**Student:** 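Once you've had a glance at the structure underneath, I'll fire off some questions.
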Number of protein chains: 2
Amino acid sequence: MSKTGTDKKWDHRSVDTAERLAAAARFIGPGKEVKAADTVALLEAVIRAGDRVNIEGNNQKQADFLAECLNKVDKSKIHDLHMVQSAVPLPVHLDLFENGIAKKLDFAFGGPQAGRVAKFIKEGKLELGAIHTYLELFGRYFLDLTPRVSLICAYKADRQGNLYTGFNTEDTPTIVEATKFRQGIVIAQVNEIVDTLPRVDIPADWVDVVIESPQPFFLEPLFTRDPALVTDSQILLGMLCLKGIYAEYGVQRINHGIGFLTSAIELMLPTYGEELGLKGKVCTHMILNPHPTMIPAIESGWVDTIHCFGGELGMEEYVAARPDIFFVGPDGTLRSNRAFAQTAGHYALDMFIGGTLQIDKFGNSSTATANRVAGFGGAPNMGCDSKGRRHSTASWLKCGAEQPTLDRQLGTMPRGKRLVVQGVETFGEGRAPVFVDKLDAWELAENAGLDLPPVMIYGDDLTHVVTEEGIAYLNRCPDIDSRMAAIRAVAGYTELGLQAKPSETRALRDAGIVKTPEDLGVDRSRANRSMLAARNIRDLVSWSGGLYNPPARFRNW
Amino acid sequence: MSKTGTDKKWDHRSVDTAERLAAAARFIGPGKEVKAADTVALLEAVIRAGDRVNIEGNNQKQADFLAECLNKVDKSKIHDLHMVQSAVPLPVHLDLFENGIAKKLDFAFGGPQAGRVAKFIKEGKLELGAIHTYLELFGRYFLDLTPRVSLICAYKADRQGNLYTGFNTEDTPTIVEATKFRQGIVIAQVNEIVDTLPRVDIPADWVDVVIESPQPFFLEPLFTRDPALVTDSQILLGMLCLKGIYAEYGVQRINHGIGFLTSAIELMLPTYGEELGLKGKVCTHMILNPHPTMIPAIESGWVDTIHCFGGELGMEEYVAARPDIFFVGPDGTLRSNRAFAQTAGHYALDMFIGGTLQIDKFGNSSTATANRVAGFGGAPNMGCDSKGRRHSTASWLKCGAEQPTLDRQLGTMPRGKRLVVQGVETFGEGRAPVFVDKLDAWELAENAGLDLPPVMIYGDDLTHVVTEEGIAYLNRCPDIDSRMAAIRAVAGYTELGLQAKPSETRALRDAGIVKTPEDLGVDRSRANRSMLAARNIRDLVSWSGGLYNPPARFRNW
């Protein structure tokens with residue numbers, strides 16, 4: 001029965017890691033420190049061709065120095081890397097493919113590099129693994145996409161190699177845990193090496209190398225929306241949402257997307273929301289980055305709790321001064337954490353509301369276009385019905401109970417459903433119709449050789465569509481034909497909208513499946529900027545009592 | 001516009017925490033150490049009536065000393081606590097309600113206390129918040145169920161208060177992060193305070209108090225199944241699964257439940273699995289506790305990766321000697337982490353397979369009975385279709401493509417689906433029929449005042465049912481009537497099974513929706529214990545080369 005005692009080795013990974021670190025030992029000083037000038041040589045010592053490599057680069061904090069250095073390695077030795085990382089927003093991320101160093105990509109968000117990703121796929125420079133939602137990619141880090149080497153970033157390290165990730169902790173703990181405990185190698189760029197950290201976020205045991213980078217890591221204010229740019233049309237949509245959805249369902253636990261519609265809603269909580277008597281009844285618990293446009297609602301006492309995916313430039317002092325609302329460490333600094341925020345986003349939210357570029361006639365939506373592999377970040381994770389959820393809230397029960405289709409799925413068994421709302425003007429950017437017969441995602445799938453069209457939110461997860469024409473309560477539709485008719489009814493003058501039959505729309509309105517602004521008692525004439533609690537960035541600063549410190553590009557005074 | 005400058009305070013939580021810790025200061029020595037004898041007094045100083053309190057107590061590692069001490073506090077001062085915790089398996093967890101110290105419970109798993117939970121609800125001693133799946137509860141820790149005080153456990157602390165959670169890290173990092181960064185209080189019981197930790201798992205900054213407990217924390221071998229107890233019937237089911245599902249779909253990324261069926265499957269990988277040519281094609285990536293019954297498959301080279309929710313008593317040395325397979329720290333010890341394992345379980349698995357006590361005629365299933373509030377642990381999270389998933393694998397695409405119902409949900413848009421398999425003998429424990437007209441969960445909901453019957457896996461998430469009669473491929477059913485017929489067809493001599501019409505079953509077999517062992521070419525006569533690669537615990541020890549060290553109760557030699 002003795003099946004072992006063979007010569008099989010079970011420690012290839014740790015032996016290999018030890019060999020790599022031994023080869024790099026001459027660069028590594030006390031406290032695991034490597035000089036910035038030695039970074040390229042270090043990477044050449046610890047990375048092998050074909051390795052799975054993670055560069056911390058979500059949509060805000062970027063391990064940009066390490067990414068630049070990776071572009072400079074000898075590609076005759078290091079090539080065919082498989083990059084697994086949240087996002088590829090920096091040119092250097094795609095340069096790796098241009099330069100023949102990286103070959104394959106698994107990611108969640110492309111941002112400004114989305115066009116290059118598509119182009120490189122076509123040219124055969126980049127093999128696409130898959131597009132994920134963040135939490136999904138994190139899950140795979142612990143199963144079949146574990147990084148061999150991770151290049152991460154932190155604000156500070158101490159002399160032992162402990163890291164402080166502070167306000168923008170974001171993805172760091174997840175990447176480090178997956179890498180280090182599968183015997184991989186963790187290399188951190190930090191802005192500064194100090195004697196004592198404000199707090200320890202990552203224990204030194206989990207880090208192999210610390211490099212003080214020549215300049216602070218790149219950080220983008222991705223969640224700042226200037227109230228001055230909110231349009232009357234967005235305000236109308238916001239009023240429809242507040243009256244027809246927030247009030248109708250009493251939704252307390254919410255994620256807002258990063259568009260101007262949800263900024264408008266945030267800015268109308270202390271005005272129109274107050275008028276509707278919603279204070280304390282909606283938006284009390286939020287999963288959000290620290291949006292500056294939330295300041296008036298927070299100051300007016302609407303919000304109990306906000307947990308954050310990441311930070312937001314300029315909001316550091318404000319957040320530190322509002323520890324009753326935000327998750328803040330003993331050092332007084334925000335603790336953000338994308339994995340836990342997305343976990344709460346998936347399982348603890350009653351509503352996700354955001355926008356999209358296209359919605360097809362069935363209700364499937366995507367921000368992908370034919371030549372841009374954009375990815376969807378956290379939207380699929382929060383913008384779906386979390387089927388594993390077992391706790392109930394009033395809004396979740398109501399949304400579920402309204403479905404006439406549930407008996408065809410579960411028999412007599414009841415179940416709730418998350419509200420997934422898309423708010424769009426019928427014609428979007430560049431006057432392109434948002435409602436389409438077929439998503440451009442089909443063409444992208446063709447171009448990029450994907451198994452499936454990249455859909456951001458699937459039609460059966462989408463419960464409400466809001467346009468300037470009104471709200472389609474898709475969860476109330478008895479079948480897909482009715483759902484398609486409800487979508488057409490709010491699709492305005494798009495080609496799809498023009499196919500709506502007045503009699504059908506009338507019947508949907510009578511059934512409460514479609515509601516126009518008039519049906520909802522929302523006065524279109526009031527939809528103007530006087531509805532906003534703050535009308536520009538300066539107002540937000542004022543609301544914050546001077547604590548909000550907007551980046552220069554948002555200041556015009 | 002200056003809306004602030006009011007007297008509103010924004011630091012109630014941190015001020016309150018500081019006051020509580022000041023009241024406890026006389027007990028807290030250097031290194032945050034409190035003497036075990038002072039624990040009750042400490043808890044009285046830092047806990048207030050009505051607090052939300054977490055006691056680390058998942059299904060294995062237990063902060064049992066702290067739980068005992070909490071039962072001894074002065075209940076005239078400390079009462080109406082709201083307990084939020086993964087599990088309540090220990091008598092002391094329920095004693096808190098009996099003793100009038102706790103009032104409300106939000107949890108995921110009841111285990112042996114399930115009956116008392118139900119009884120206390122009826123008697124008005126316990127108000128049930130909700131039953132969750134673990135990851136869902138963790139999500140709520142970061143939004144609307146954040147603990148004010150958490151009582152956790154670790155193996156060791158050092159003199160600064162850093163913690164070593166080692167082999168059974170499990171829930172600790174999640175609880176601590178949610179509590180400490182919302183300015184709550186973290187109290188750790190440790191088995192030992194030492195000068196130097198094998199590795200730091202939790203930084204001292206995140207911990208307020210460390211107590212060396214009088215005895216090591218309680219740890220249960222919950223995932224050990226003795227091969228000697230595997231029955232021929234379970235072996236038949238296992239053969240059906242391997243040929244009709246594992247081979248049919250080529251499923252690589254799997255979670256196995258803790259029952260004997262999945263143990264049988266694990267033990268047949270090197271035998272029947274090998275015969276079917278499945279090595280390297282199925283079960284390569286697993287999310288599992290370190291099941292001893294996985295040893296033969298691991299030793300035979302079937303497995304690439306296992307990430308663990310928690311540890312398993314007796315498997316310490318074996319896991320340490322197999323770092324190529326398991327997640328192991330620089331100190332050579334397993335790193336388990338329930339939050340990340342469940343994240344991978346939700347998003348990176350292609351199949352969940354487990355058992356249940358009851359399945360209703362629609363396919364909804366539950367382990368709840370009329371008088372036991374049991375909870376479901378991780379099953380709902382892994383045993384559901386993860387709607388946010390966007391990456392594809394062959395088995396996921398195949399399972400999705402087989403659904404004739406998808407066009408009624410998504411129009412022409414394709415999508416994959418996770419395999420969710422329930423393997424049951426038609427008559428289960430105590431010869432009770434597993435297939436029933438109506439789940440006992442309805443009666444429990446009535447008894448416990450729940451909004452919904454507690455369903456473990458919903459019918460629309462369940463894709464396959466396996467019994468000794470054969471396999472029902474529910475994902476291939478065109479509608480709910482067909483699904484109900486397919487369930488009846490494999491329900492054997494249960495009352496539900498007796499309602500199956502032979503002509504209907506014949507048609508389902510012709511359509512490939514139901515397959516009997518004969519249809520699958522599985523020879524029932526071969527379903528006996530000679531199929532098992534290990535037939536008892538001693539065989540497992542032998543397979544492990546002596547590295548597996550089973551707890552005494554599993555040893556009979």
Side-chain angles (χ1 to χ4, degrees), chain A residues 1-5 10-14 130-133 136 138-140 142-144 181-182 199-200 203 205 285 299 307 322-324 327 329 335 340 343-344 347-348 362 364 380-381 384-385 387-392 408-411 413-414 451-452 458-461 480 539 542-543 545, chain B residues 1-5 10-14 130-133 136 138-140 142-144 181-182 199-200 203 205 285 299 307 322-324 327 329 335 340 343-344 347-348 362 364 380-381 384-385 387-392 408-411 413-414 451-452 458-461 480 539 542-543 545:
Chain A
M1 185 60 62
S2 169
K3 308 290 157 57
T4 52
W10 298 91
D11 57 357
H12 291 92
R13 285 173 172 266
S14 41
I131 307 170
H132 306 76
T133 186
E136 176 187 18
F138 295 166
R140 294 190 72 188
F142 291 91
L143 193 62
D144 59 347
F181 289 100
R182 198 78 205 277
R199 69 177 190 239
V200 174
D205 287 354
H285 294 78
E299 294 302 306
H307 188 267
R322 299 292 178 266
D324 279 352
F327 281 69
R335 171 74 175 190
F340 287 131
T343 296
Y347 271 130
F362 308 112
N364 303 298
N381 177 60
C384 70
D385 193 26
K387 303 288 292 292
R389 173 173 168 171
R390 293 296 178 269
H391 73 286
S392 65
R408 271 165 275 159
Q409 295 165 260
L410 305 183
M413 185 61 69
D451 290 326
L452 300 174
Y458 283 99
D460 60 345
D461 283 330
I480 195 162
D539 285 355
S542 169
W543 269 101
Chain B
M1 185 61 62
S2 169
K3 309 288 158 56
T4 53
W10 298 93
D11 57 357
H12 291 92
R13 285 173 173 265
S14 40
I131 307 169
H132 306 76
T133 186
E136 175 187 17
F138 295 167
R140 295 190 72 189
F142 292 90
L143 192 63
D144 59 347
F181 290 99
R182 198 76 206 278
R199 69 177 191 239
V200 174
D205 288 353
H285 293 77
E299 295 302 306
H307 188 266
R322 299 293 178 266
D324 278 354
F327 280 70
R335 171 74 173 189
F340 287 131
T343 298
Y347 270 131
F362 307 113
N364 304 298
N381 177 61
C384 71
D385 194 25
K387 303 287 293 289
R389 172 173 170 172
R390 293 296 178 268
H391 73 284
S392 65
R408 272 165 275 159
Q409 294 165 260
L410 306 182
M413 185 63 68
D451 291 326
L452 300 174
Y458 283 99
D460 60 345
D461 283 329
I480 194 162
D539 285 354
S542 170
W543 269 101

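Reckoned from all heavy atoms, side chains included, excluding hydrogens, waters and symmetry mates. Computed from a predicted model, the values in this text were never measured in an experiment.
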**Student:** Of the listed residues (I480(A), D385(A), T343(A), T133(A)), which shares the most heavy-atom pairs with chain B below a 4.5 Å separation?
**Tutor:**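 That would be I480(A).
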**Student:** Minimum heavy-atom separation for P323(B) to S14(A), with atom names?
**Tutor:** CG-OG, 4.2 Å
**Student:** If you count heavy-atom pairs under 4.5 Å between each of R182(B), H12(B), H285(B) and chain A, which one has the most?
**Tutor:**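 The answer is R182(B).
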**Student:** Once rounded to the nearest 0.5 Å, what's the spacing between atom CZ of F340(A) and atom CG of L143(B)?
**Tutor:** 14.0 Å
**Student:** Are D461(A) and K387(B) close enough for a salt bridge, meaning some N to O gap below 4.0 Å?
**Tutor:**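 Result for this pair is yes, salt bridge flagged.
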**Student:** Taking all heavy atoms of P203(A) and all of P203(B), pick out the closest pair and write down the distance.
**Tutor:**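 Closest heavy-atom pair between P203(A) and P203(B): CG-CG, 4.3 Å.
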**Student:** Identify which part of I131(A) has an atom lying under 4.5 Å from any heavy atom of chain B, answering side chain, backbone, both or neither.
**Tutor:**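 Just the backbone, heavy atoms under 4.5 Å.
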**Student:** Check whether D11(A) gets within reach of chain B through its side chain, its backbone, both or neither, counting any heavy atom under 4.5 Å.
**Tutor:**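 Backbone plus side chain of D11(A), per the 4.5 Å heavy-atom cut-off to chain B.
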**Student:** To the nearest 0.5 Å, what is the distance between CZ on R408(B) and CG on D460(A)?
**Tutor:**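 Going from CZ on R408(B) over to CG on D460(A), the span is 13.0 Å.
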**Student:** Tell me the closest heavy-atom pair linking R390(B) and E136(A), and the distance in Å.
**Tutor:**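 Closest pair (atom of R390(B), atom of E136(A), distance): N-OE2, 2.7 Å.
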**Student:** With chain A, which of H307(B), R199(B), R140(B), R13(B) has the greatest number of heavy-atom pairs at distances under 4.5 Å?
**Tutor:**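 Between H307(B), R199(B), R140(B), R13(B), the count favours R140(B).
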**Student:** Could you give the distance from CG (N381(B)) to OH (Y347(A)), rounded to the nearest 0.5 Å?
**Tutor:** 3.5 Å
